[in-house]
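Quick note on labels: first sequence line is chain A, next is B, and so on, each numbered from 1. Only a predicted model underlies this, so the values are computations on that prediction, with no experimental measurement involved.
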Number of protein chains: 2
Amino acid sequence: MNEQVPEAMRWSTENCTISRTMRILGDKWTFHVLREIFVGVRRFEDIRARAELPRQVLTERLAALIERGIIRRHPYRLPGQRERYEYRLTQAGLDLYPVLVALIQWGDQYLPLDDGPPIVPQHRGCGEEVSVVLQCAAGHEPTPREVAIRPGPGAQPRALAG
Amino acid sequence: MNEQVPEAMRWSTENCTISRTMRILGDKWTFHVLREIFVGVRRFEDIRARAELPRQVLTERLAALIERGIIRRHPYRLPGQRERYEYRLTQAGLDLYPVLVALIQWGDQYLPLDDGPPIVPQHRGCGEEVSVVLQCAAGHEPTPREVAIRPGPGAQPRALAG
DNA sequence: TGGCTGAGTCTGTCAAGCAGACTTATGCTC
DNA sequence: GAGCATAAGTCTGCTTGACAGACTCAGCCA
């Protein structure tokens, strides 16, 4: 029980926000599917062809995203064809934009391509590039080193702690 | 070739920034491991115990993160014990803070707990809570609906397009 | 010398991903 | 109305990865 033990070891990860979020988003394909919908590719066959994932996996991921309220099915009908469905973002889905933009931003910085970025988040209003910035409630913009992740009011002590 | 085909279908996903980033971060465990290191849990056995992942998977993930330059091994020695290693974030790792904070922020909004958030990103300087905001190069703070993901200079046309 | 501990490695089982073929529903053309 | 085209799935068998639990290895200490 010396102070070498990090303080975080005393807290459970059971209800951790990152765990609970990753249970929904944290697999190889979900972000690929979301990317397609974000860039405007909304139909099953188009998503499958562009993201190159097995149909079965796509079926399963779409169902999971619908169940979690991130996308919804929306009926559409091309002239001379029967009704089908496309997949659109709900508000919860749209609110994943900061996550997506943060990923793109990191990738552009640490895995750059010779030709420049293949995709760019853009402000529809003014056409300028969009990025994410860290901001604290007092209005500062801390660097990563100035940020710490601390236990909050919902933190639960860990069994076997210490 | 009617205009029902989304514009994005014309572009390849092969070099997509999200794909390339997800090849590194996009699996069930990587973010859990990073979370531990972010909150200050740096030693193999501590990470394994708190994140509850199989040792073999932890070994493999740590090696991958080191290879991608996101963490590094750092020797340490407790009094009366032999030298061991702990894992620390590199600058590239620290720069994942916006991704992590964006995930926490989304989770707190859409998967809230009765007791409040279990973890809170905090500005070390002033103690206030840290969040991420979307910001365009002209200084606007667009809502998700005002953001669009567009092909950039490195976009490649898709074979079989149309 | 023998035991303890952190940090792995090994082994066998089982779930998930995968490619590719098959199915289903509907509307169109002839 | 028969047959064809198409989007959106299901089905099948193979392969890969996750997993729990046991084993190993190196250095320190009693």
Side-chain angles (χ1 to χ4, degrees), chain A residues 1-2 4-6 9 13 19 22-33 36-37 40-67 71-88 160 162, chain B residues 1-2 4-6 9 13 19 22-33 36-37 40-67 71-88 160 162:
Chain A
M1 201 158 290
N2 58 36
Q4 307 287 352
V5 175
M9 287 303 290
T13 54
S19 300
M22 281 296 125
R23 226 165 281 150
I24 300 174
L25 304 175
D27 83 300
K28 186 175 163 188
W29 287 117
T30 299
F31 266 101
H32 292 251
V33 173
E36 296 309 317
I37 302 177
V41 175
R42 299 199 177 106
R43 289 152 58 174
F44 187 94
E45 199 49 33
D46 288 348
I47 297 172
R48 194 206 56 74
R50 225 177 80 101
E52 294 180 289
L53 79 172
R55 288 159 195 278
Q56 213 158 17
V57 176
L58 178 54
T59 301
E60 198 272 317
R61 290 303 182 280
L62 287 171
L65 287 170
I66 288 170
E67 198 194 323
I71 59 175
R72 64 195 151 80
R73 286 180 110 199
H74 184 87
Y76 75 100
R77 173 169 224 148
L78 297 182
Q81 297 201 3
R82 75 195 152 111
E83 184 172 86
R84 301 183 190 285
Y85 293 92
E86 57 184 24
Y87 300 91
R88 299 195 176 179
L160 284 178
Chain B
M1 199 156 290
N2 59 37
Q4 308 289 349
V5 175
M9 287 304 289
T13 54
S19 300
M22 281 297 122
R23 227 165 280 150
I24 301 174
L25 304 174
D27 83 301
K28 186 175 165 190
W29 288 117
T30 300
F31 265 101
H32 291 251
V33 173
E36 295 310 316
I37 302 178
V41 175
R42 299 201 177 104
R43 288 152 57 173
F44 188 95
E45 198 49 33
D46 287 348
I47 297 172
R48 196 207 55 75
R50 223 178 81 101
E52 294 180 288
L53 79 173
R55 288 159 196 278
Q56 212 158 16
V57 176
L58 178 54
T59 302
E60 199 273 317
R61 291 302 183 280
L62 288 171
L65 287 170
I66 288 170
E67 198 194 323
I71 59 175
R72 65 195 151 82
R73 287 179 112 199
H74 185 86
Y76 74 100
R77 173 170 226 147
L78 295 183
Q81 297 202 2
R82 76 192 151 114
E83 183 173 86
R84 300 183 191 284
Y85 293 91
E86 57 186 22
Y87 300 91
R88 297 195 177 179
L160 284 178

Check the distance between C/dG6's P and B/L62's CG and give it to me in whole angstrom.
16 Å

Can you see if the side chain of B/R43 gets near the phosphate of C/dG8 - specifically, an N or O under 4.0 Å from OP1 or OP2?
no

Measure the distance from CZ on A/R55 to P on D/dA8 and round it to the nearest whole Å.
10 Å

If I take atom CZ in residue A/R48 and atom P in nucleotide D/dA8, what distance separates them, rounded to the nearest angstrom?
11 Å

If you round to the nearest 0.5 Å, how far is CD1 of B/I71 from CD of B/E86?
11.5 Å

Below 4.0 angstrom, N of the basic side chain to O of the carboxylate: do A/R55 and A/E45 qualify?
yes

OP1 or OP2 of D/dA8 sitting under 4.0 Å from any side-chain N/O of A/R42?
no

Find the distance B/I66:CD1 to C/dG8:C1' and express it as a whole number of Å.
13 Å

Rounded interatomic separation in angstrom, taking CD from A/E45 and P from C/dT23
18 Å

Considering heavy-atom distances to DNA chain D, does B/R77 or A/Q56 have its closest nucleotide positioned more toward the 5' end?
A/Q56

Verdict with reasoning, B/T59 to B/F44, per side chain to side chain contact (heavy atoms under 4.5 Å, CB included):
CA-CA 8 Å; B/T59 302; B/F44 188 95; 3.7 Å; yes

Rounded to whole Å, please give me the gap between OH in A/Y87 and P in D/dA7.
14 Å

Does A/R84 or A/E60 map to a spot on DNA chain C nearer the 5' end, using the closest nucleotide for each?
A/E60

B/I47 CD1 to B/R61 CZ distance, which is reported to the nearest 0.5 Å:
13.5 Å

Given D/dA18, C/dA7, C/dG17, the nucleotide with the shortest approach to the side chain of B/V57
D/dA18

Between NZ of A/K28 and C1' of D/dG17 the distance, given in whole Å, is 10 Å

Do you see a donor-acceptor pair shorter than 3.5 Å between the side chains of A/R43 and A/Y76?
yes

Mind checking B/E83 for me? I need base, sugar-phosphate or nothing, with any heavy atom below 4.0 Å counting as a touch.
nothing

Please report, rounded to the nearest Å, how far the P atom of C/dG17 is from the CG atom of A/L58.
12 Å

Side chain of B/Y76 (C-beta onward), nearest among D/dA8, C/dA7, D/dG9:
C/dA7

